[in-house]
Engineer: 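Encoded as structure tokens, here's the structure I'll be asking about.
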Amino acid sequence: QVQLVESGGGLVQSGGSLRLSCTAPKIIFRILNMAWYRQAPGKQRELVAGITYGGNTNYADSVKGRFTISRDNAKNTMYLEMNSLKAEDTAVYYCRCGDTWGQGTQVTVSS
């Protein structure tokens, strides 16, 4: 019943930037941690970045220094700012809020 709405995926050249957005119902957004995951073809889903309601963050080593996770609690929205994108960043990116998952958004980086 709970719906996470994602946007921002697309096609970008290596070195470019994208910003992903995810909105969630305020009832769960305000009390639960949120995170971005990604899954490339033939590979397991992996954690990209996570953020608590209070703003504490963690990042996968592969994206540290290039990606920034943030949340706007007033808008019930989480963001993933992706800079200096590489071909290996190509994957379907998923938003997670508690035990609820978004539908995923495709990010394709051409080299």
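Excluded from the calculations below are hydrogen atoms, water molecules and symmetry mates; all remaining heavy atoms, backbone and side chain alike, are included. Note that the structure is a prediction, hence the values are computed from the model and not measured.
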Engineer: Roughly how far apart are Leu47 CG and Asn58 CG, rounded to 0.5 Å?
Structural biologist: 5.5 Å
Engineer: Show, in sequence, the C-alpha distance, side-chain angles and deciding distance for Cys95 and Met34, and conclude whether the side chain to side chain contact (heavy atoms under 4.5 Å, CB included) test is met.
Structural biologist: CA-CA 7 Å; Cys95 172; Met34 299 187 70; 3.8 Å; yes
Engineer: Could you state the interatomic distance from OG (Ser70) to CZ (Arg19), rounded to the nearest 0.5 Å?
Structural biologist: 7.5 Å
Engineer: Which pairs count as ring pair (Phe, Tyr, Trp, His ring centres under 6.0 Å) when at least one residue sits in residues 91-111, sequence neighbours excluded?
Structural biologist: Tyr37-Trp101
Engineer: Taking the side chain from Ser17 and the backbone from Asn83, do they hold a donor-acceptor pair closer than 3.5 Å?
Structural biologist: no
Engineer: If you round to the nearest 0.5 Å, how far is CG of Leu85 from OG of Ser14?
Structural biologist: 9.0 Å
Engineer: State, to 0.1 Å, how close Ala87 and Ser111 come at their nearest heavy-atom pair, and which atoms those are.
Structural biologist: CB-CB, 4.2 Å
Engineer: Using only heavy-atom distances, determine whether the side chains of Thr23 and Asn76 contain a donor-acceptor pair under 3.5 Å.
Structural biologist: no
Engineer: Side-chain contact, heavy-atom cut-off 4.5 Å: Gln103 with Glu6?
Structural biologist: yes
Engineer: Report the C-alpha separation of Cys22 and Cys97 in whole Å, then their side-chain angles, then the decisive distance to 0.1 Å, and conclude whether the disulfide (SG to SG under 2.5 Å) test is met.
Structural biologist: CA-CA 9 Å; Cys22 173; Cys97 180; over 6 Å; no
Engineer: Nearest 0.5 Å please: distance from the CH2 atom of Trp36 over to the CD1 atom of Ile69.
Structural biologist: 8.0 Å
Engineer: Which pair of heavy atoms, one from Ser21 and one from Thr77, lies closest together, and at what distance?
Structural biologist: CB-CG2, 4.3 Å
Engineer: Is any side-chain heavy atom of Val48 closer than 4.5 Å to one of Leu80?
Structural biologist: yes
Engineer: Out of Val92, Leu20, Leu11, which residue meets the side chain to side chain contact (heavy atoms under 4.5 Å, CB included) rule with Val107?
Structural biologist: Leu20
Engineer: To the nearest 0.5 Å, what is the distance between OG1 (Thr108) and CD (Gln13)?
Structural biologist: 13.0 Å
Engineer: Looking only at non-hydrogen atoms, find the nearest pair between Leu4 and Ala24 and report the distance.
Structural biologist: CD2-CB, 3.3 Å
Engineer: Please report the interatomic distance CZ(Phe67) to OG1(Thr57), rounded to the nearest 0.5 Å.
Structural biologist: 14.5 Å
Engineer: Would you please name every residue forming a side-chain contact (heavy atoms from CB on, under 4.5 Å) with Glu46, sequence neighbours left out?
Structural biologist: Arg38
Engineer: Looking just at side-chain N and O atoms, do Thr90 and Glu88 make a donor-acceptor pair shorter than 3.5 Å?
Structural biologist: no
Engineer: Test Asp89 against Lys86 for salt bridge (Lys or Arg N to Asp or Glu O under 4.0 Å), laying out the working first.
Structural biologist: CA-CA 5 Å; Asp89 295 318; Lys86 307 173 181 179; over 6 Å; no
Engineer: Less than 4.5 Å apart, side chain to side chain, heavy atoms only: is that true for Tyr79 and Arg71?
Structural biologist: no
Engineer: Would you please name every residue forming a side-chain hydrogen bond (donor to acceptor under 3.5 Å, both in side chains) with Thr68, sequence neighbours left out?
Structural biologist: none
